[in-house]
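For reference, the structure is listed below as structure tokens.
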Protein chains: 2
Amino acid sequence: MATTIKEIAKLAKVSIATVSRALNDDKKVKSSTKKLIKSIANELNYNPNLLARSFVTKKSNIIGLVMPDIFGEFFMEIIRGVDEICYNHGYYTMVTSSHSNRSMVEAIVDYMSKGIVGGLILMTPLVEDDVKKTLASSKIPLVVISGKSELQKWDSISIDNFNGAYSVVDYLAEKGYKKIAHISGPQKNNDSIQRELGYRQALKNNGIEINKSWIVTGDFTINGGQAACETLMKLENPPEVIFASNDMMAIGCYVAARHLKLKIPVDFAVAGFDDIFVSQFLNPRLTSVHVPIYELGTNAAQILINRMNGNNDPIQNVKILTELIVGGSC
Amino acid sequence: MATTIKEIAKLAKVSIATVSRALNDDKKVKSSTKKLIKSIANELNYNPNLLARSFVTKKSNIIGLVMPDIFGEFFMEIIRGVDEICYNHGYYTMVTSSHSNRSMVEAIVDYMSKGIVGGLILMTPLVEDDVKKTLASSKIPLVVISGKSELQKWDSISIDNFNGAYSVVDYLAEKGYKKIAHISGPQKNNDSIQRELGYRQALKNNGIEINKSWIVTGDFTINGGQAACETLMKLENPPEVIFASNDMMAIGCYVAARHLKLKIPVDFAVAGFDDIFVSQFLNPRLTSVHVPIYELGTNAAQILINRMNGNNDPIQNVKILTELIVGGSC
DNA sequence: TATTTGAATGTAAACGTTTTCATTGCGTGG
DNA sequence: CCACGCAATGAAAACGTTTACATTCAAATA
């Protein structure tokens, strides 16, 4: 079995308390004994039993990352970002999703109540009331990655959806497009809501009136985007360009174009949001709004670790800025 | 603080031992007391402290998943598969990568020695000697997801790279192509090696002689694929079709085609391996070998959990079968 | 010299759970 | 009616670590 401080204590002829202190760099230990203990620990290849330590200190350096799903590069990048920071600080990353058959709340509660994780990162485009209630009772620090800053409740990171959408629609208007349609995401999804607001504001500021038949609700999937696009292009008065609330639906527009034998960007133009990996290989390249997802993860993890180390600064609500990527699709 | 078995014991007027037994469904507890204890536990919203439990039992229901990198849909799908099975069995998934600045070995040792994880899934295309040595000393069960079955050492899951590559090259030969080139992956990468072997065997079986100048080493990246493709197409005697060892490099061929103003599949054809998400949206759709990556993850997790539960069957070396996906790229 | 200080170390409790080894009490067979 | 066995429960140790409190010893102060 693995070596324990007991064995080190025996060899160093000191008590386990001294060993513990020495290994934790307590100032009260004479530097000579400290050196001795450390060298013995090294020799024996000692590794502290983190379970025992967490158990007694009631602190865990495991960070729980709860997501609605584990799929696609968005979540992947989040995990990567979180893991990177965790690794740099000696923390561990535990991931899970709500697994369709359980609610987000159950997933969170599971993580919070077992005593395993010492901090929580919750990634969800929509913080529902029951989730809020659960979070409010949390004894461990947590950070929310969300579509919208949950001001004054928890630390949060969110994408600047509004300005991202604004920038792309504004670009379209400046380019001379007048008939600008929008395929939104799910109704209650905060990312989607904010992006639609940005769309509307950009139209307004450019003196373009909103045509309700040009705003169609999608579901963030390729199929949804395709259906929405076909609906739009079959209108008596079809739009010149479609701003899809995410790239997946924009890809759906490409598929629809092939079906309808229409050519992008000559017959109609397309723009998306997220700038996912695929988008640069679409033909023509998709104009989109780049989101530094990785930074969402690193920021969340950094803030959380600070909190876990006792940081008591006021609640932070970080907004991650986006960048317009211009392709040949419009 | 959270409720403990002590409080339950007090309320039920029994000892903590009985509570522990009752909650663990020990047969020796009278069913009436068991019922009482469980109802009280329920009432108090009791959750066992997993740290304490793992600490005393020396078993952890946390599975460590170590990967060379956390990037792209391949790893994402693995994580998803592992998480799904873990969730279904009440296990937890902890992920990490080797983070470029530490070796795979360090990452593994870190996970093994801290007592946190009770089982390990190691995902790597190449099990090097130092890793082997480390794994050999492991006290906890582990499963390897690799490019090649490490027979008789550890349970392993691997992709049937050889037959996957064989099937696509055989398809090309049957279609009438004679000049079939290959862009391989990194030299020591097992996935790459097996795929090249499949390529060679398929040529042989179809009576096609191997032309060494048509085999170029790539690095699994888009840029590498592009460079390799340009090298090939600038030969005096360029090939008719290129089989790239993965889809990323196949995408590089598309990029090269654009540069060279060549048209796929008329000027030259392309096939890949992996059937990544992007591939279906390339124009024309990429012919590739589909790999059920998700199942790699679920299989690995399932085998590992069985081992953690005391399964002592002989070592398993599972090979995951592939499927040829025919697109318009050849 | 007697007392105080403080640095260095030791003692032992505590964390929540499982588990081994008693202990109790009751029914059954002789 | 005694002994035995068995079902049900309890008492207490154990896991590895941290930490509050106690102790020691020597140097510094009065």
Side-chain angles (χ1 to χ4, degrees), chain A residues 1-38 40-41 44-62 90 112-118 139-140 310, chain B residues 1-38 40-41 44-62 90 112-118 139-140 310:
Chain A
M1 69 223 99
T3 46
T4 69
I5 53 171
K6 237 184 212 168
E7 305 170 41
I8 298 177
K10 197 179 273 178
L11 287 175
K13 295 191 203 308
V14 295
S15 72
I16 57 166
T18 309
V19 175
S20 174
R21 283 191 276 253
L23 295 177
N24 288 323
D25 264 330
D26 192 311
K27 341 98 213 298
K28 311 226 115 185
V29 181
K30 220 199 317 183
S31 68
S32 64
T33 51
K34 198 184 279 189
K35 208 174 260 177
L36 172 69
I37 289 172
K38 284 191 175 177
I40 294 178
L44 295 187
N45 223 315
Y46 169 75
N47 270 295
N49 182 323
L50 289 190
L51 284 178
R53 177 183 291 175
S54 287
F55 176 47
V56 59
T57 60
K58 309 222 147 299
K59 286 180 187 179
S60 162
N61 56 170
I62 300 177
M112 289 197 321
S113 61
K114 308 287 189 184
I116 287 186
V117 309
K139 295 291 178 204
I140 57 177
Chain B
M1 65 224 101
T3 45
T4 69
I5 52 171
K6 238 183 211 167
E7 305 169 41
I8 299 176
K10 197 179 273 178
L11 287 175
K13 294 190 205 306
V14 295
S15 72
I16 59 167
T18 308
V19 175
S20 174
R21 283 191 275 255
L23 295 176
N24 287 324
D25 264 331
D26 190 313
K27 340 99 211 296
K28 312 225 113 184
V29 180
K30 221 200 314 187
S31 68
S32 62
T33 49
K34 198 183 278 188
K35 208 174 260 175
L36 171 68
I37 289 173
K38 284 192 175 177
I40 294 178
L44 295 188
N45 224 314
Y46 169 76
N47 270 296
N49 182 323
L50 290 191
L51 283 179
R53 199 212 295 272
S54 288
F55 176 48
V56 61
T57 61
K58 307 225 147 297
K59 287 179 186 178
S60 161
N61 56 171
I62 300 177
M112 291 197 320
S113 61
K114 307 287 188 184
I116 287 186
V117 308
K139 295 292 178 203
I140 56 178

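Numbered from 1 within each chain, the chains take letters A, B, ... in sequence-line order. The figures here come from the full heavy-atom set of this structure, side chains too, leaving out hydrogens, waters and symmetry mates.
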So, is [X] near the phosphate of [N], with a side-chain N or O under 4.0 Å from OP1 or OP2?
{"X": "B/Arg53", "N": "C/dT18", "answer": "yes"}
{"X": "B/Ser20", "N": "C/dT18", "answer": "yes"}
{"X": "B/Asn49", "N": "C/dC15", "answer": "no"}
{"X": "B/Thr33", "N": "D/dT9", "answer": "yes"}
{"X": "A/Tyr46", "N": "D/dT17", "answer": "yes"}

Considering only [options], which nucleotide approaches the side chain of [X] most closely?
{"X": "B/Val56", "options": "D/dG16, D/dA14, D/dA11", "answer": "D/dA14"}
{"X": "B/Val14", "options": "D/dG10, C/dT18, D/dT18", "answer": "D/dG10"}
{"X": "B/Thr18", "options": "C/dT9, D/dC15, D/dT9", "answer": "D/dT9"}
{"X": "B/Lys30", "options": "D/dA11, D/dA8, D/dT19", "answer": "D/dA8"}
{"X": "A/Ile16", "options": "D/dT17, C/dT9, C/dG10", "answer": "D/dT17"}
{"X": "A/Arg21", "options": "C/dA12, C/dT18, D/dC21", "answer": "D/dC21"}
{"X": "B/Ala52", "options": "C/dT9, C/dG16, C/dT11", "answer": "C/dG16"}
{"X": "B/Phe55", "options": "C/dG16, C/dT11, C/dT19", "answer": "C/dG16"}

Given atom [atom1] of [X] and atom [atom2] of [N], what is their separation to the nearest angstrom?
{"X": "B/Leu23", "N": "C/dG16", "atom1": "CG", "atom2": "P", "value": "15 Å"}
{"X": "A/Lys114", "N": "C/dG16", "atom1": "NZ", "atom2": "P", "value": "16 Å"}
{"X": "B/Lys58", "N": "D/dT17", "atom1": "NZ", "atom2": "C1'", "value": "11 Å"}
{"X": "B/Lys28", "N": "C/dC21", "atom1": "NZ", "atom2": "C1'", "value": "13 Å"}
{"X": "A/Leu51", "N": "C/dT18", "atom1": "CG", "atom2": "P", "value": "14 Å"}
{"X": "A/Ile5", "N": "C/dG10", "atom1": "CD1", "atom2": "C1'", "value": "13 Å"}
{"X": "B/Ile37", "N": "D/dA8", "atom1": "CD1", "atom2": "P", "value": "13 Å"}
{"X": "A/Lys35", "N": "C/dA8", "atom1": "NZ", "atom2": "P", "value": "15 Å"}

| query | A/Ser15 or B/Asn47: which one's nearest nucleotide on DNA chain C is closer to the 5' end? | reply | A/Ser15
| Nearest non-hydrogen partners of A/Lys59 and A/Ser54, listed with the distance | O-OG, 3.0 Å
| field | Closest non-hydrogen atom pair between B/Gly115 and A/Leu51, with its separation | value |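 For B/Gly115 versus A/Leu51, the nearest heavy atoms are O-CD1, 3.0 Å.
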| query | Touch check for B/Lys34, heavy atoms < 4.0 angstrom, all strands: base, sugar-phosphate only, or nothing? | reply | nothing
| request: Using a heavy-atom cut-off of under 4.0 Å over every strand shown, decide if B/Lys59 touches base, sugar-phosphate, or nothing. | output: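 Here B/Lys59 touches no strand at all.
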| query | When you measure from the side chain of B/Ser60 to the backbone N and O of B/Ile116, does any donor-acceptor pair fall under 3.5 Å? | reply | yes
| Side-chain donor or acceptor of B/Lys34 paired with backbone N/O of B/Asp26 under 3.5 Å | yes
| field | Straight-line distance of A/Ser31 OG to A/Lys38 NZ, nearest 0.5 Å | value |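 Going from the OG atom of A/Ser31 to the NZ atom of A/Lys38 covers 10.5 Å.
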| request: Would you give the length of the straight line joining atom OG1 of B/Thr3 to atom CD1 of B/Ile8, rounded to the nearest 0.5 angstrom? | output: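 Between B/Thr3 OG1 and B/Ile8 CD1, I get 6.0 Å after rounding to 0.5 Å.
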